[in-house]
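Quantities reported herein were computed from a predicted structural model and do not represent experimental measurements. Quick note on labels: first sequence line is chain A, next is B, and so on, each numbered from 1.
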Amino acid sequence: MRKSFAALFILLFLGIITNAQVSRTKAMGGLSYSILDRDQSLSLYDFGKNPAWLYMDEKETYLRIEPSAQNLWGDYRRKYDSKSVSNVSVSFTGIKTLGTLGTFYGTTIYDYELRTDYYRSVRKDPYAGEAFNVADTMAGNFRYSGPYINLMYSWELLPELYVGGGIFYHIHDGLKSTYSYAKTIYRNTGGKIGIAYRLFDNLLLGTSINYFSKQETIEETDVNLLDIEAFIYRGDTYHIVDRASTNEQKIKGKGTTFSGQIYWEVDDNLEIGIQGNYEPSNSKLTFPEKNLIDVEDGYTSFEYYDAQIKTQYNLSDDILVGVYGGYFHNYSWSMLSKKDLLIWEWEINRLIAGIGSSYKVDQNLLIGAEYEFSSANVDSSKYIDKNIQSFTSIDHIIRIGIEYELSNRVFLRTGYNYCFYEHDLILGGTDVASHSFTLGGGFPLFDSFVVDAYLEFSNKSPNETDNYHRSNIGGRIAITLNNF
Amino acid sequence: MKLLRLSFPLIILLIMSCNEDPPVYQEGNAKLVLTVMGDTSVVSDDTTCVPLSNAKVILFSEYGYMIKYTDETGKLILEGIPSSTYTITARLNHPKYSNILLAGNLSDIEIISGKVVNDTIIASQISNTGIAINELYVGGPLNNIFFFYDQFIELYNSSDEVKYLDGMIVTRVPGVSAQNIKAGEDFGNDGDIDGVGYIFKFPGEPGEKNYPFHPKTFLVLAQTAINHQNNVASSIDLSGADWEFYNQYSTSDFDNSSVPNLINMRSDKTVDFLIGLTQDVIVLASGEDSNWEDGIDIDTILDGVEYQGGSTLEKTLDSRVDKSYTLCPAKYGGKSMQRREPGVDTNDGISDWEIIPAPTPGRQ
């Protein structure tokens with residue numbers, strides 16, 4: 001039985017906008033808490049994503065340029081998935097320290113994505129956890145491209161009180177190459193503010209609020225002015241047909257994330273980072289009725305909260321032990337707006353516990369390993385389709401990473417990542433195994449440049465059917481200029 | 001500090017209040033219990049209603065068509081169908097007489113989740129005794145050069161006797177927006193339908209018997225009776241059509257001399273009988289009232305059909321001609337509209353008609 005929820009996890013798999021600063025740990029199998037890394041610390045900024053702590057977290061000015069490419073393919077996919085996804089992007093990230101005036105952060109990413117044989121859906125993300133989808137009648141290639149811009153600034157407002165804020169703007173335009181020639185304009189914009197306060201020398205408190213507003217406008221127009229049929233799905237089975245020379249639908253959403261963070265340096269050897277997030281959000285599908293005014297057809301409400309803890313303990317000069325725990329709650333419901341009827345309700349509660357360690361074998365060799373146990377309770381009631389599901393998925397993740405310093409500041413890195421999902425909440429299979437291999441390195445180039453790069457190959461397949469897989473190959477190069 | 005302690009729970013409450021509650025009622029809990037009864041008596045004047053088993057039940061809503069059949073007790077029980085406003089029709093051929101159809105329908109049935117709708121359709125006998133519009137092919141073949149000149153109207157004589165076409169008229173009734181006359185409506189409630197756009201006429205006068213229409217046969221009225229496949233490969237051959245619309249006031253309308261003509265009655269209209277591609281009203285009338293300017297008397301109308309591109313548009317044709325409308329296919333898609341059973345007209349377009357994948361001129 002295939003089960004697909006995928007509400008908040010799809011970005012992880014598609015990697016549309018990934019964190020631009022994780023090349024080193026990505027090359028090491030994705031180690032995250034068992035290793036000392038300047039971009040994976042437990043600070044309010046790295047772990048808690050609080051912009052106020054940018055000022056204290058980033059003390060060096062640099063410019064980083066990161067081209068990346070990725071290709072995803074395979075038959076293990078959902079109904080509306082494309083046959084393959086190719087993605088190339090380039091990002092420019094700059095940190096400018098201004099002394100006591102604060103620190104400025106800016107990043108811009110230009111992303112190009114080609115979805116081959118994207119099956120009928122004309123939505124950018126048909127699996128966003130809503131009960132509504134918009135489709136035409138044909139599979140076709142769809143390309144998306146556009147920039148993402150994020151600006152942040154942080155400074156010390158009062159002694160031991162830090163404030164920060166930022167804005168982001170993301171716009172993608174998409175075009176289908178056949179039949180409905182659907183055009184989409186997706187934009188997501190918002191802002192974030194945060195404060196951090198050093199309560200004691202070893203204890204930091206932080207809080208932040210993040211607001212986003214997004215809209216996807218879809219327009220199907222036949223270039224020959226023929227009639228276009230758009231199928232607006234309510235659930236998986238039933239749809240209404242919107243038919244005209246030009247059809248237009250909009251999916252509008254907004255949400256706010258309230259976050260709190262604690263960083264506690266218990267002693268020289270033990271650090272603890274804690275964060276909690278609460279995010280209510282919603283989205284609505286509208287289209288013009290009788291070609292005149294936009295009418296809301298469907299409405300979806302989301303509720304998300306989590307609590308996470310990360311600790312790192314120096315067992316000795318050479319051994320670091322990391323522990324991670326998290327609880328994640330996702331709840332959503334969708335309704336038919338005109339009839340005020342509930343058509344889909346789903347809830348995922350996930351508990352994650354992980355432990356890992358890194359060991360500096362000698363001056364040149366670092367090895368690390370992590371194990372994570374995860375339990376997800378899933379309830380889904382698609383009332384309109386009479387499809388009720390309830391199950392628990394026990395998942396396991398193992399990460400192994402090695403870093404070897406060949407010579408002064410020249411590194412070779414490799415890693416392996418194994419995941420076992422009893423129920424794959426993204427693609428719907430059961431007893432799904434995923435293997436990922438990474439290989440990378442880092443070296444200085446001239447006096448001012450540092451290059452970090454990695455390649456990744458992953459393969460995911462359920463055991464229920466042979467030869468079904470979804471594979472991914474990708475890579476990223478980070479060129480860091482330390483003086484500019 | 002005290003203020004901080006007090007404000008903290010308030011902030012938490014404020015944040016948590018952002019969450020919304022879902023609607024109380026869930027979709028998918030509607031139940032329809034439908035009983036189909038029909039009068040199967042033929043000779044007696046007393047109606048004898050019996051449950052109709054294996055009757056075809058067509059449910060139409062914004063979600064499209066759903067076709068089901070009654071059980072041996074004449075009942076149809078549907079659970080979990082989506083909430084909507086339904087038009088339901090039931091039909092069954094008379095068990096003994098094939099020319100009699102038992103048909104009945106229900107309109108505007110509100111089916112709402114959480115409620116049980118219990119209703120009965122009484123099917124009455126419809127004797128197939130007249131001429132009806134049987135197929136409308138209006139949207140053009142599959143093409144991207146805006147070709148739609150292979151339109152045709154197909155008629156069917158479902159009676160057991162020869163009918164005569166002399167003087168009959170075929171009209172398009174799109175309404176007059178300048179006078180706020182909607183397509184096919186009885187403007188002024190004077191017993192006729194107004195807003196005639198085009199009116200073409202068979203030769204002769206009503207009552208004459210020069211142009212027979214034999215029982216159980218089809219007639220194809222072509223916009224232009226030529227082989228359109230010579231122009232567009234995906235089109236159809238109408239060179240063998242029975243009749244052709246010909247506008248004698250046009251300087252460019254092609255006339256196939258081997259096919260008899262319906263001629264234009266409006267000298268101010270100088271183009272061919274062009275039919276709306278996705279929306280129109282087509283009316284066939286006896287011709288006893290051909291004064292189009294004051295409207296065509298409803299009692300002279302033999303059949304009328306309104307078709308539309310979507311279920312949210314307003315139905316305007318007078319309900320005495322047809323109480324609903326039919327959905328038409330997308331233009332330039334090569335599909336056609338046809339009655340489900342040849343010539344069977346229950347005056348309920350949504351139930352009587354269906355979209356077929358390709359035109360079938362001269363046959364079902």
Side-chain angles (χ1 to χ4, degrees), chain A residues 131 137 207 209 222-229 231-232 234-235 237-245 255-258 260 278-282 288-291 295 299-305 331-345 381-388, chain B residues 4 8 11-12 14-30 61-66 79-85 110-115 139-148 277-279 308-314 327-335 355:
Chain A
T137 56
T207 184
I209 297 176
D222 192 299
V223 290
N224 297 311
L225 296 177
L226 308 185
D227 269 9
I228 291 295
E229 287 182 319
F231 297 80
I232 296 163
R234 298 165 172 174
T237 311
Y238 298 102
H239 65 261
I240 58 172
V241 179
D242 193 10
R243 198 181 76 189
S245 297
T256 308
T257 312
F258 305 93
Y278 176 72
E279 182 184 293
S281 62
N282 62 50
E289 198 163 79
K290 295 180 181 174
N291 297 321
V295 175
Y299 179 88
T300 302
S301 171
F302 298 98
E303 182 192 50
Y304 166 82
Y305 57 81
Y331 171 67
S332 170
W333 52 264
S334 295
M335 72 169 185
L336 296 175
S337 300
K338 286 181 203 161
K339 300 186 175 83
D340 200 24
L341 286 172
L342 185 64
I343 62 172
W344 190 23
E345 194 174 20
S381 302
K382 283 192 174 174
Y383 301 110
I384 193 169
D385 299 314
K386 290 285 176 199
N387 184 359
I388 312 293
Chain B
L4 191 69
F8 186 72
I11 291 168
I12 296 294
L14 188 70
I15 290 172
M16 299 302 281
S17 66
C18 296
N19 188 26
E20 301 168 290
D21 291 325
V24 176
Y25 296 105
Q26 300 157 357
E27 176 63 298
N29 291 327
S61 71
E62 61 181 333
Y63 295 106
Y65 290 101
M66 194 189 302
E79 292 186 78
I81 55 174
S83 304
S84 191
T85 303
E110 285 290 340
I111 294 182
I112 296 287
S113 184
K115 292 185 178 174
L142 194 62
N143 76 97
N144 58 6
I145 56 169
F146 313 113
F147 182 86
F148 59 92
L277 274 62
T278 57
Q279 187 174 9
Q308 297 181 352
S311 56
T312 56
L313 299 170
E314 185 185 7
L327 286 176
C328 69
K331 60 188 173 186
Y332 308 119
K335 294 180 181 176
I355 293 172

Quick check on A:D385 against chain B: is it the side chain, the backbone, both or neither that has a heavy atom closer than 4.5 Å?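 Neither part, no heavy atoms under 4.5 Å.
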
message: Taking side chain as everything from C-beta outward and backbone as N, CA, C, O, which of these in A:I228 sits under 4.5 Å from a heavy atom of chain B? Side chain, backbone, both or neither.
response: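 The answer is neither part of A:I228.
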
| field | Partners passing side-chain contact (heavy atoms from CB on, under 4.5 Å) against B:Q26 (at least two apart in sequence or in another chain) | value |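 Partners of B:Q26 by the side-chain contact (heavy atoms from CB on, under 4.5 Å) criterion, ordered by chain and then number, come out as A:L342, A:Y383, B:N29.
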
### Message
Quick test of your reading of the model: are B:E62 and A:K338 salt-bridged, counting only N-O distances below 4.0 Å?
### Response
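No.
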
key: Option from A:L341, A:I384, A:T300 for which side-chain contact (heavy atoms from CB on, under 4.5 Å) with A:S334 holds   =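 The single option meeting the side-chain contact (heavy atoms from CB on, under 4.5 Å) with A:S334 is A:T300.
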
Could you have a look at B:P22, B:S84, B:A330 and say which one has the most heavy-atom pairs with chain A under 4.5 angstrom?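 Greatest number of close heavy-atom pairs with chain A: B:P22.
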
The reported gap from CD in B:Q279 to CG in B:L327 (rounded to nearest 0.5 angstrom) is 11.0 Å

